[in-house]
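Everything below concerns the one structure shown next.
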Amino acid sequence: MSILQVENIKKSFDNVEVLKDISFTLNKGEVLSIIGSSGSGKTTLLRCLNFLEFAENGRIIVDDELLVDFALHDKQNDASLRQKRLNFGLVFQSFNLFPQYSILKNLTLAVELLDGVKKKDKEKIKEINQRALDLLKRVGLEDKVDAYPCQLSGGQQQRVAIARALMLSPKILCFDEPTSALDPELTGEVLRVIRELRDGNTTMIIVTHEMNFAKNVSDKVIFMADGIIEEEGTPTELFDNPKSERLKEFLSSSLKD
Amino acid sequence: MSFVQVSLDLLEGFSQNCYLFGATLLFSLPLGLIIAMGSMSKFKIIKYITKAFVWVIRGTPLMLQLFVVFYVPGLVFKTPMSSRMTAALIAFVINYSAYFSEIYRGGIESIPKGQYEAGQVLGMTKSQIFFKVVLMQVIKRIVPPMSNEIITLVKDTSLARSIAIYEILMKATDFTTVGLIWPLFYTAVFFLVFCGGLTLLFNFIEKKFDYYRG
């Protein structure tokens with residue numbers, strides 16, 4: 001049963017069509033990897049799902065409920081848009097933790113603001129903090145609660161960012177090249193966390209350059225080129241029996257190094 | 001004329017400088033932020049009007065602006081400025097908010113877009129993102145250029161003598177008419193002590209923000 005249906009997404013920047021009619025579906029608990037060379041539109045697609053970009057056309061349906069129909073041009077009011085984007089979580093390439101807050105506060109800030117938690121409300125705060133601690137434990141960073149982002153390595157920061165995204169219990173967790181800003185020896189710890197999330201049946205969309213990881217972790221792979229879905233299928237289909245010339249070319253060049 | 005008497009007299013003058021300094025800060029710090037918002041506005045008209053305003057204010061001498069504020073109401077509108085201090089204050093507030101606005105703008109625009117986007121995907125409102133995420137980082141970044149500008153303000157206050165406000169330098173020059181030249185140089189001590197105090201304060205504030213980088 002599909003948790004996400006994306007239909008006919010189109011997006012251009014300054015008359016350059018970056019996404020030309022993108023449609024796909026995703027089932028609950030599945031992991032979708034999006035691969036493709038730079039400029040193929042992978043990141044833009046992810047940003048459209050998170051409403052960081054507004055597509056010109058297309059529909060996004062989550063849990064059989066129409067979230068947005070971009071073609072209707074109804075300027076969504078801020079409040080309803082914020083509510084809708086909470087269906088998705090997004091982990092950025094550059095982590096984007098809040099530098100002035102402790103790791104704990106990085107996790108709890110958004111929830112406290114969303115729930116309008118008052119300082120007096122000790123019970124509620126304790127509950128939120130406990131949830132943050134549990135998540136930090138899950139990403140193996142419970143000893144860093146009181147540290148600040150600048151004291152952590154890139155890999156640790158990215159794990160915190162994952163925990164932060166999970167605080168709001170999104171239905172679909174998106175990753176935008178989560179390991180691209182990391183030193184090679186630090187990518188492993190982040191990929192391990194993502195793998196554990198998959199084992200916990202988290203629905204995820206991962207834009208990645210890590211071909212081996214995409215092959216091992218995903219239920220479904222999409223190969224994008226020039227703003228279209230050139231090929232999609234199971235990892236075995238795409239990596240072992242690529243049909244299109246472009247995918248063959250892409251795979252041979254990205255597996256070379 | 002004893003040293004104590006001169007000191008007291010100069011101190012009386014310096015109180016004018018201090019008043020002008022404090023009142024200018026009080027009004028120009030918030031006004032500067034509003035102007036900064038204007039110069040970053042999506043509305044082209046507002047943006048260009050504020051940019052032109054900043055250009056005029058930064059492009060002309062403060063002393064000239066003092067003359068304009070003090071004399072123009074009387075000459076053109078036949079309603080002379082009732083108080084010299086009010087005129088000075090208006091000129092200083094306008095001048096310094098233009099400078100502060102550029103510092104604010106620089107600080108706000110230096111915050112990476114990713115900080116806003118992180119707030120957005122976490123469901124925060126625009127004002128929550130500004131006040132809870134961005135503002136603290138902006139303040140940390142603008143403390144050094146702000147301290148620079150504020151210390152300049154301390155010394156600029158003596159420009160008020162050009163519209164005959166009895167501030168410290170005016171008092172000191174008065175002593176030269178009775179043959180005393182040393183009070184003129186003695187005024188440096190007042191400025192140095194005041195700026196020294198400010199420097200310590202700004203160092204303290206910078207230290208407060210030292211606990212994180214970024």
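What you see below is based on every heavy atom in this structure, not just the backbone, and it leaves out hydrogens, waters and symmetry mates. Proteins get letters first, then strands, A, B, ... in listed order; numbering begins at 1 in each.
Dense packing is recorded around CG of B/Leu200, with more than 12 heavy atoms of other residues, nucleotides or ligands lying under 6.0 Å away. In A/Arg138, the CZ atom is not crowded: 12 or fewer heavy atoms of neighbouring residues, nucleotides or ligands sit closer than 6.0 Å. Counting non-hydrogen atoms of other residues, nucleotides and ligands closer than 6.0 Å to OH of B/Tyr166 gives a total of 12 or fewer. Heavy-atom contacts from other residues, nucleotides or ligands closer than 6.0 Å to CZ of B/Phe77 number 12 or fewer. At most 12 non-hydrogen atoms from other residues, nucleotides or ligands lie less than 6.0 angstrom from NZ of A/Lys137. Residue-environment remark: CZ (B/Phe53) exceeds the threshold of 12 foreign heavy atoms within 6.0 Å. More than 12 heavy atoms of other shown residues, nucleotides or ligands fall within 6.0 angstrom of atom CD in B/Glu109. Residue A/Phe24 qualifies as enclosed at atom CZ: its count of foreign heavy atoms under 6.0 Å is above 12.
Atoms OG1 and CG, on B/Thr125 and A/Leu113 in that order, are 7.5 Å from each other to the nearest 0.5 Å. The CZ atom of B/Arg213 lies 14.5 Å from the CD atom of A/Gln100; values are rounded to the nearest 0.5 Å. Within the model, atoms CE of B/Met124 and CG of A/Leu109 stand 4.0 Å from one another, a figure rounded to the nearest 0.5 Å. A distance of 8.5 Å separates CD in A/Glu112 from NZ in B/Lys132, rounded to the nearest 0.5 Å. With rounding to the nearest 0.5 Å, the separation of NZ in B/Lys113 from CG in A/Leu52 is 8.5 Å.
Contact tally against chain B (heavy-atom pairs below 4.5 Å) for A/Tyr101, A/Phe95, A/Phe88: the top residue is A/Tyr101.
For the pair A/Asn96 (side chain) and B/Ala118 (backbone), a donor-acceptor distance under 3.5 Å is absent. Using modelled atom types, no side-chain atom of B/Tyr212 and backbone atom of A/Gln151 make a donor-acceptor pair closer than 3.5 Å. Side-chain atoms of B/Gln115 come within 3.5 Å of backbone N or O of A/Leu97 as a donor-acceptor pair.
Residue A/Leu114 comes nearest to B/Gly123 through the heavy atom pair CD2-O, 3.7 Å, listed as atom of the first residue, atom of the second, then distance. Of all heavy-atom pairs between A/Arg47 and B/Glu117, the closest is NH2-OE2, 2.7 Å.
In this structure, the side chains of A/Phe51 and B/Val121 stay at 4.5 Å or more apart for every pair of heavy atoms.
Of the two parts of A/Phe98, the backbone and the side chain both hold a non-hydrogen atom closer than 4.5 Å to a non-hydrogen atom of chain B.
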